[in-house]
Amino acid sequence: MNEFKLPDPGEGLLEADIVSWKVAVGDTVAVNDILLEIETAKSLVELPSPYAGVVLAILADEGATVEVGAPIIRIGRPDEASASVPSPATSGAGPATPPAVAPASPASEALLVGYGAKSGTATRRPRKGQVADAPPAASVPAVAAPATVAVPAVEPAPAQGAVAAVEPAAVPRAKPPVRRVARDLGVDLATVAPTGPGGTITADDVVAAAGGGSAPARAVSVPQDGERRIPLKGVRRQMFRSMTASLAVPQATAFVEVDVTATMQLIDTLKRRRDFTGLRVSPLAVFAKAACLAIERIPELNSRYDAASDEIVLPQDVNLGIAAATPRGLLVPNIKGANRMNLLELTRAVNDLVPLAREGKVPPAALSGGTFTITNIGVFGVDGGTPIPNEGEAAIMCLGTIRRKPWVVGTGEHERIEPRSVCTVTITFDHRLVDGEMGSKFLADVSTIMSDPALALLF
């Protein structure tokens with residue numbers, strides 16, 4: 001029998017949320033078969049099985065937050081099913097008592113994962129609507145639930161030799177999220193009148209028993225007076241923490257309107273080139289290249305503050321973050337060494353990274369170590385904004401939508417008004433590391449390249 005513990009899928013992550021299980025108890029799995037999908041503070045990650053065998057037990061429910069290193073599943077041989085749960089002797093509950101029911105009876109199915117040990121062979125849970133008889137009390141040893149799975153404590157079993165069976169009514173039937181609501185509201189499930197199918201207790205039942213109080217948002221969403229509560233977890237929770245920390249830093253913002261007509265003409269030319277076939281060529285890639293070139297002249301825009309040594313750190317490479325809005329929150333994967341890439345390589349990197357970010361399946365390594373970020377709110381039809389730099393980065397550049405506007409071109413007697421493609425570019429920076437002159441020069445360099453990409457040869 002092998003116990004699979006939640007690994008650290010990224011760099012220094014402490015916990016993850018169980019999104020969905022891809023296997024069930026009794027399923028046969030091979031090495032590298034996907035067991036489950038988890039959501040870390042950074043992205044969605046599929047975890048493959050390191051073992052081959054039969055799923056003996058699933059130790060964490062969907063929706064639970066589990067610490068790294070906590071056991072989440074047991075895999076072994078079918079004949080190890082009865083040995084996959086600690087016996088009373090090993091759990092400290094006293095000598096084992098022979099089970100009063102057959103291992104495959106519904107009585108052995110009445111226990112939820114993490115609530116205690118089951119005797120005999122592991123079997124699947126009862127079908128929906130099927131009410132399982134409770135086992136004799138002596139056959140349910142007290143086993144502590146894993147610390148990382150939010151489940152209520154198990155009532156200790158009666159002393160050995162007790163023969164009185166527990167009445168089914170003494171074991172309230174409720175799903176783990178509902179049990180968490182009851183725990184957080186201080187409600188004893190034994191006192192709650194069930195209204196759910198098959199005599200199960202619902203979250204509304206618990207809230208009603210608590211006197212109409214609202215359930216904690218982290219446990220379950222319970223509408224109250226038209227409200228809708230969303231658990232703050234995973235990517236959205238990390239965004240909440242990161243943006244809160246970033247706002248503690250003194251910041252300044254500068255912006256400029258840029259005539260990007262020549263850039264749009266360059267993009268049309270690149271789309272016709274054979275080496276760009278199959279790639280989505282967008283202004284974002286050109287802006288990214290322009291930012292990397294401008295950082296070479298103003299490296300402070302690519303810096304960070306090391307509080308431990310009280311020093312400004314200037315990385316050798318630009319790990320260019322591309323902010324992406326996803327249904328789970330804001331993700332900022334970064335392209336490592338973007339400053340060492342030509343425009344074709346940068347376009348390929350953006351094409352590979354952005355779709356993964358939108359699906360929330362960026363490798364964790366790509367979500368750490370960023371040094372400078374670009375956010376493109378122009379895709380939403382917004383002209384400009386003042387973004388907040390990512391925690392630990394000195395600056396973030398914002399691109400607005402590219403619009404056709406009347407623009408004065410030429411000089412002197414040759415001045416005239418023409419329709420041009422115009423974009424608002426914004427730079428927000430940590431004013432402790434970057435002063436107004438540095439920020440303005442950086443923005444001017446980006447503007448120069450975007451207005452006439454040929455001038456990039458001068459950088």
Side-chain angles (χ1 to χ4, degrees), residues 8-15 40-43 67-68 232 235-256 287-324 329-341 362-375 385-399 425-446 459:
D8 178 4
E11 299 179 3
L13 299 180
L14 300 178
E15 63 183 19
T40 70
K42 298 181 177 181
S43 64
E67 293 180 0
V68 169
L232 189 61
V235 172
R236 195 168 296 278
R237 178 174 56 194
Q238 178 61 25
M239 179 184 71
F240 183 97
R241 293 173 178 173
S242 178
M243 292 297 98
T244 301
S246 293
L247 274 178
V249 173
Q251 300 171 8
T253 300
F255 62 91
V256 64
F287 271 108
K289 184 60 181 177
C292 290
L293 293 173
I295 285 173
E296 289 184 7
R297 291 161 59 110
I298 316 290
E300 287 81 4
L301 272 293
N302 192 53
S303 65
R304 71 175 187 274
Y305 174 61
D306 186 343
S309 62
D310 196 28
E311 295 175 331
I312 298 175
V313 181
L314 300 174
Q316 182 177 0
D317 280 337
V318 177
N319 293 340
L320 185 65
I322 306 293
L330 179 68
L331 287 178
V332 189
N334 61 81
I335 301 169
K336 300 291 192 291
N339 55 307
R340 293 183 276 107
M341 296 181 178
V362 180
L367 290 162
S368 60
T371 61
F372 181 87
T373 297
I374 296 178
T375 180
T386 55
I388 301 173
N390 284 318
E391 185 180 6
E393 296 181 14
I396 181 171
M397 185 171 74
C398 175
L399 311 180
V425 184
T426 306
I427 185 73
T428 299
F429 49 88
D430 181 342
H431 215 331
R432 303 171 305 172
L433 308 179
V434 179
D435 60 33
E437 180 185 12
M438 296 172 184
S440 299
K441 285 183 174 180
F442 169 86
L443 207 54
D445 284 347
V446 171
F459 285 72

Trainee: Answer yes or no: is there a side-chain heavy-atom contact under 4.5 Å between Met397 and Phe442?
Mentor: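 Met397 vs Phe442: side chains touch.
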Trainee: How far does CD of Glu300 sit from NZ of Lys441, to the nearest 0.5 angstrom?
Mentor: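 Here the interatomic distance stands at 10.0 Å.
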Trainee: I want to check something: taking the side chain as every heavy atom from C-beta on, are Val425 and Leu399 in contact at a cut-off of under 4.5 Å?
Mentor: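 With C-beta onward as the side chain, the pair touches.
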Trainee: What closest approach, in Å, do Gly439 and Phe429 show between heavy atoms, and which atom pair accounts for it?
Mentor: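 Closest approach of Gly439 to Phe429: CA-CE2, 4.0 Å.
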Trainee: For the CD1 atom of Ile322 and the CG atom of Asn334, what is their distance to the nearest 0.5 Å?
Mentor: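 The CG atom of Asn334 is 9.0 Å from CD1 of Ile322, to the nearest 0.5 Å.
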Trainee: Charged N to carboxylate O under 4.0 angstrom, Lys336 versus Asp317?
Mentor: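 Judged by the 4.0 Å cut-off on N to carboxylate O distance, Lys336 and Asp317 do not form a salt bridge.
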Trainee: Side-chain contact test, heavy atoms from C-beta onward, threshold under 4.5 Å: evaluate it for Pro387 versus Thr426 and give yes or no.
Mentor: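 A side-chain contact exists here, since the closest heavy-atom pair is under 4.5 Å.
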Trainee: With the side chain counted from C-beta on, respond yes when Cys292 and Met341 share a heavy-atom pair under 4.5 Å apart, and no when they do not.
Mentor: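 With C-beta onward as the side chain, the pair stays apart.
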Trainee: Specify the closest pair of heavy atoms between Val446 and Ala294, including all atoms of both residues, with the distance to one decimal.
Mentor: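 Closest approach of Val446 to Ala294: CG2-CB, 3.9 Å.
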Trainee: To the nearest 0.5 Å, what is the distance between CG (Leu433) and CZ (Arg304)?
Mentor: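 Rounded to the nearest 0.5 Å, the CG-CZ separation comes out at 11.0 Å.
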Trainee: Report yes if the side chains of Pro315 and Asn302 come closer than 4.5 Å at any heavy-atom pair, otherwise no.
Mentor: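 Yes. Closest side-chain heavy atoms under 4.5 Å.
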Trainee: Kindly give the heavy-atom pair with the smallest separation between His431 and Ala252, and that separation in Å.
Mentor: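 Residues His431 and Ala252, closest heavy atoms: CD2-CB, 3.4 Å.
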Trainee: How many angstroms lie between CD1 in Ile388 and SG in Cys398, if you round to the nearest 0.5 Å?
Mentor: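 Answer for the CD1-SG pair, Ile388 versus Cys398, is 11.5 Å.
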Trainee: Listed by chain and number, what are the side-chain hydrogen bond (donor to acceptor under 3.5 Å, both in side chains) partners of Asp435, not counting sequence neighbours?
Mentor: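 side-chain hydrogen bond (donor to acceptor under 3.5 Å, both in side chains) check on Asp435 returns nothing, list empty.
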Trainee: CD1 of Ile295 to CG of Leu314: how many Å apart, nearest 0.5 Å?
Mentor: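 Between Ile295 CD1 and Leu314 CG, I get 11.0 Å after rounding to 0.5 Å.
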Trainee: Is there a donor in the side chain of Asn319 and an acceptor in the side chain of Thr371, or the other way round, less than 3.5 Å apart?
Mentor: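 No donor-acceptor contact under 3.5 Å links the two side chains.
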Trainee: Taking the side chain as every heavy atom from C-beta outward, state whether Val434 and Leu301 have any pair of such atoms under 4.5 Å apart.
Mentor: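 A side-chain contact exists here, since the closest heavy-atom pair is under 4.5 Å.
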Trainee: Would you say that more than 12 heavy atoms from the other residues, nucleotides or ligands in this model lie under 6.0 Å from the CZ of Phe255, or not?
Mentor: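 For Phe255, atom CZ is not crowded (no more than 12 foreign heavy atoms under 6.0 Å).
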Trainee: Nearest 0.5 Å please: distance from the CD1 atom of Ile427 over to the CG atom of Leu443.
Mentor: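 If we round to the nearest 0.5 Å, Ile427:CD1 and Leu443:CG are 7.0 Å apart.
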Trainee: Less than 4.5 Å apart, any side-chain heavy atom of Arg297 and any of Phe459?
Mentor: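 Side-chain contact under 4.5 Å: yes.
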Trainee: Shortest non-hydrogen contact from Ala338 to Leu320?
Mentor: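 Nearest pair, atom of Ala338 first, then Leu320: CB-CB, 3.6 Å.
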Trainee: Please examine the side chains of Phe372 and Ile396, heavy atoms only from C-beta on, and report whether any two atoms are closer than 4.5 Å.
Mentor: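 Side-chain contact under 4.5 Å: no.
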